[in-house]
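Have a look at the structure below before the remarks.
Hydrogens, waters and symmetry mates play no part in the numbers below; they use all other heavy atoms, side chains included.
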Amino acid sequence: MKSFYSLVAVLAALFLSESSVAGAGLKLKERQRDRAVKRLNEAIQNTNLQDTTRTKIESGKRLNRLERREVKTVERNVYLSKRAQGQDEVSNTDESAALRAYKLRSKKRKGFIRKREASLADVLFPGVAPEQYMAGERVFIYADLVDSRKTPIPYEYYDLPSCAMPEESEFGQKRRERRNLGSRLQGHYLKIAPFTNIRVKTNVGCTPLCTVSLNSKKMRWMRRLVERQYRVQLTLDQLPVLMRSKEYNYAVRGYPLGFQAPPSFKALKSGEFYMFNHLKFVITYHEDPSSFNGVRITGFDVHPMSVEHELPDDGSAVNEQSKLTTCGGGTVENDPENYLALRMKQATALPITYSYEVEWAESNLPWADRWDVYLVSAPDDDLHYFSIVNSLMIVLFLTGAISTIMVRTLRKDIAVYNEMDSLDDSAEETGWKLVHGDVFRPPTTAPMLLSVLTGTGCQIGLAFGITMLAAMANFLNPVKKGHTLTAIIVLYVLCGSVAGYISSRLYKFTDGKAWKLNVIVTAMGLPGSLVCIFTILNVFLSIAGAATAVSFLTIICLFLLWVCVSAPLVFIGAYFGLKAEKIECPVKTNQIARVVPPLPCYAEPKFTFIMGGLLPFGSVCIELAFIMSALWLHQIYYVMGFLLAVLMILTATCAQVSIVLTYLQLCAENHRWWWWSFMNCGSAGIYLFTYSIWFLGSRLEMVGFLPVVVYLSYMGMISICFGMYCGAIGFLSSFWFVRTIYGAVKVD
């Protein structure tokens, strides 16, 4: 009984101690929060520069390091003070523009070594001049895709139940952005929107457009689109339409087709679908007669509304000249009792009347800063720098390991082996020198496939690297739709000779005889596989009516690029590769292969396969998150300099990882390094595909079977290309390493 009471006492003491620790933890968090609030209040109050610093700035003198730090501190404090006072960052006021300029200060810089101040217009669209419009001049709105973050299946604007597309003049067609190969594959096709009565600096009241009837089939489709949060993308003067909220401090491109009433909103029926059929456009412009004539468009906003318009009593067709009781040329008010619900009221169809209104608002925002609001919610560039630093740490770690192997271990091994050869020829060989007679034995398993994968991987990497260089040199604009994809496809085709040369030289080194088949497989292997997958997906996308379903003409163009350009270049590269001298081996190969002894755990192929792709993937995983967000979450990605740096780091990481793992395998007397040197780094493609599955489950909210299949198919193709490039770099690095170390020892 006494032991029982002692046990209870111990438990009570533990409970009291845990509760006291928990209470102390809560008090610690409260003290930390109070200190943070105190520091914020102190920062908000310190928003004035010293007199000497202010005098230097006004006189244009150069500031020293402490004064520059003071200016940065005051700027940060002013920003925090304005945000604490409730000032938003998305409206068109001067205060909001100043906050955006401060937040985007790191993005408004150009230059490789010495950064200089620039506007986002110069960064995103270098060389593009502003366009002036005269008062009363007619401007056109263009409709792009209707897309959603919940599905990668977009639709065209006129696939929806909307008004008929107006006729476009020949001049308007010339001014519209031309479609390239990449934009065709991505489904981008600008078409003139039905809002045709828009003139510069002329406000337009509520104007009806047309009435469309929705049958039960279209009704179910529209409800599904609203449920999946599809948004309509419009452009004016190359500006995407924007929805802003000053209260919630957010700005998002496009406007939703409708909404589903939440349970918390008592004025509407919970779960009911409502459609936005009235659009209120607010076009902001900048006017400066002393600098230019006319006006420059600096903003394109939309406020969608749901209005159940009353039809004409005489039953006439609705057009822009019609006068409705709910749309008589004034401003439409947002009345929940008059929302347009997507439900069948009649046995035949539901009539939907579309309307719009336009308001022109003058703003002091210059044309060069009109893109600031589109990137105000984008991740800061410091995250990209952290990504580069993270990758560089991996490279430095591997460089240290390589230096240890090359400078210390290998030099010592080579010196010992050469000394043993000079002193006693009968001395027993150990370590990696023991397999010198088998290390250059060609792989018995699919040497042709290894040659093809290596050549194709080099072709992919070279095309991607040249694309990044072209983007940095402003030869292409990554922000414009389809430019980057077009450049990658064209450069991949033009780099076919690289694949043919490398593949044929490697296949010749392995003493392969079927060189014709090797060249054909190099020219048709990867392109043929990707085209087959793309064609099958295109059939299902065509059945679903998606905008990304390409036409037969586009498929013919891709086929001609493949057959008439890529394949001949592969043949030319293979010709020079076969004509070149065979790569010499520094040692002779034995006639009978040596038996591989039991390997230690660190040299097991399964272990090296798992660990080999982890470091290359880890060097790019942070930047990969931004790329995935740009691909599937419709974010803007334009920092091609960071991407080129990550590509170089990835290349160095693959090379170093492959050299280390190959050295460990050779020290374990495993001479079958050929395929494993490729697969060790090529396993990074598996990690990429695994990451894409995690991204699908955690970041994306895809609905439906076909969207998931499309996503996994595209990510599977990207992962294959990524793995082939990493594997090619790994194999070529190991090949150079093996020839180097065995060429430095004396072997009879």
Side-chain angles (χ1 to χ4, degrees), residues 398 401-447 449-451 454 506 509-511 583-615 654-683 727 729-748:
L398 292 175
I402 292 293
S403 301
T404 303
I405 293 174
M406 297 293 291
V407 177
R408 296 182 60 185
T409 308
L410 276 178
R411 180 178 295 178
K412 181 179 178 181
D413 290 349
I414 292 172
V416 170
Y417 291 154
N418 291 336
E419 184 179 358
M420 290 172 58
D421 287 339
S422 60
L423 294 178
D424 186 7
D425 293 340
S426 62
E428 184 181 357
E429 296 176 348
T430 59
W432 52 268
K433 188 184 177 184
L434 188 63
V435 295
H436 66 83
D438 300 281
V439 72
F440 289 103
R441 186 182 305 278
T444 57
T445 304
L449 180 60
L450 179 62
S451 304
T454 304
L506 290 177
F509 179 78
T510 61
D511 297 326
I583 302 175
E584 296 183 357
C585 299
V587 293
K588 294 181 180 181
T589 302
N590 297 332
Q591 294 183 356
I592 301 175
R594 180 183 178 85
V595 178
V596 178
L599 302 176
C601 61
Y602 61 84
E604 279 285 345
K606 295 179 181 179
F607 176 79
T608 58
F609 179 78
I610 295 174
M611 298 301 299
L614 187 60
L615 288 178
C654 291
Q656 295 177 352
V657 167
S658 181
I659 289 175
V660 171
L661 294 180
T662 301
Y663 176 76
L664 293 178
Q665 289 180 345
L666 293 178
C667 289
E669 302 179 10
N670 182 10
H671 58 83
R672 298 171 183 171
W673 61 271
W674 294 74
W675 266 109
W676 287 114
S677 64
F678 183 92
M679 296 174 65
N680 288 339
C681 292
S683 62
I729 296 299
F731 172 77
L732 293 178
S733 302
S734 296
F735 188 71
W736 168 84
F737 173 74
V738 172
R739 292 186 72 245
T740 301
I741 63 174
Y742 282 97
V745 296
K746 299 177 182 179
V747 180
D748 294 335

Matching residue for Val657 among Thr608, Leu615, Thr662 - test: side chain to side chain contact (heavy atoms under 4.5 Å, CB included):
Leu615

Do Phe509 and Trp674 have ring centres separated by under 6.0 Å?
yes

Is the shortest heavy-atom distance from the side chain of Leu450 to the side chain of Pro443 under 4.5 Å?
yes

Residue pair His671 / Leu666: nearest heavy atoms and the distance that separates them
CA-CD2, 4.4 Å

Any chance you could measure Gln665, atom CD, to Asn680, atom CG, to the nearest 0.5 Å?
5.5 Å

Which atom of Ile729 lies closest to which atom of Ala655, heavy atoms considered:
CG2-N, 3.9 Å

Flag side-chain contact, heavy atom, 4.5 Å: Phe440 against Val738:
yes

Evaluate the ring planes of Phe731 and Phe735, with Trp represented by its six-membered ring, and classify them as parallel (under 30°), tilted (30 to 60°) or perpendicular (over 60°).
parallel

Distance check, rounded to the nearest 0.5 Å: Phe609 atom CZ versus Leu661 atom CG?
12.5 Å

Quick check against the 3.5 Å criterion: does Thr740 have a side-chain atom that pairs as donor or acceptor with the backbone of Trp736?
yes

Any donor-acceptor N/O pair, Thr510 side chain to Pro442 backbone, under 3.5 Å:
no

About how many Å separate OG1 of Thr445 and CZ of Arg672, when rounded to the nearest 0.5 Å?
8.5 Å

If every non-hydrogen atom of Ala668 is compared with every non-hydrogen atom of Ala603, which pair is closest and at what distance?
CB-CB, 3.8 Å

Ignoring hydrogens, what is the shortest heavy-atom contact between Ile659 and Ser733? Give both atom names and the distance.
CG1-O, 4.0 Å

Interatomic distance, CH2@Trp676 vs SG@Cys681, rounded to 0.5 Å, equals 13.0 Å

Locate the shortest heavy-atom distance separating Glu584 from Arg739; write the atom from each residue and the value.
O-NH2, 3.1 Å

Distance col, row Phe737:CZ vs Ser658:OG, nearest 0.5 angstrom, shows 9.5 Å

Of all heavy-atom pairs linking Ala446 and Trp675, the shortest is O-CZ2, 3.4 Å

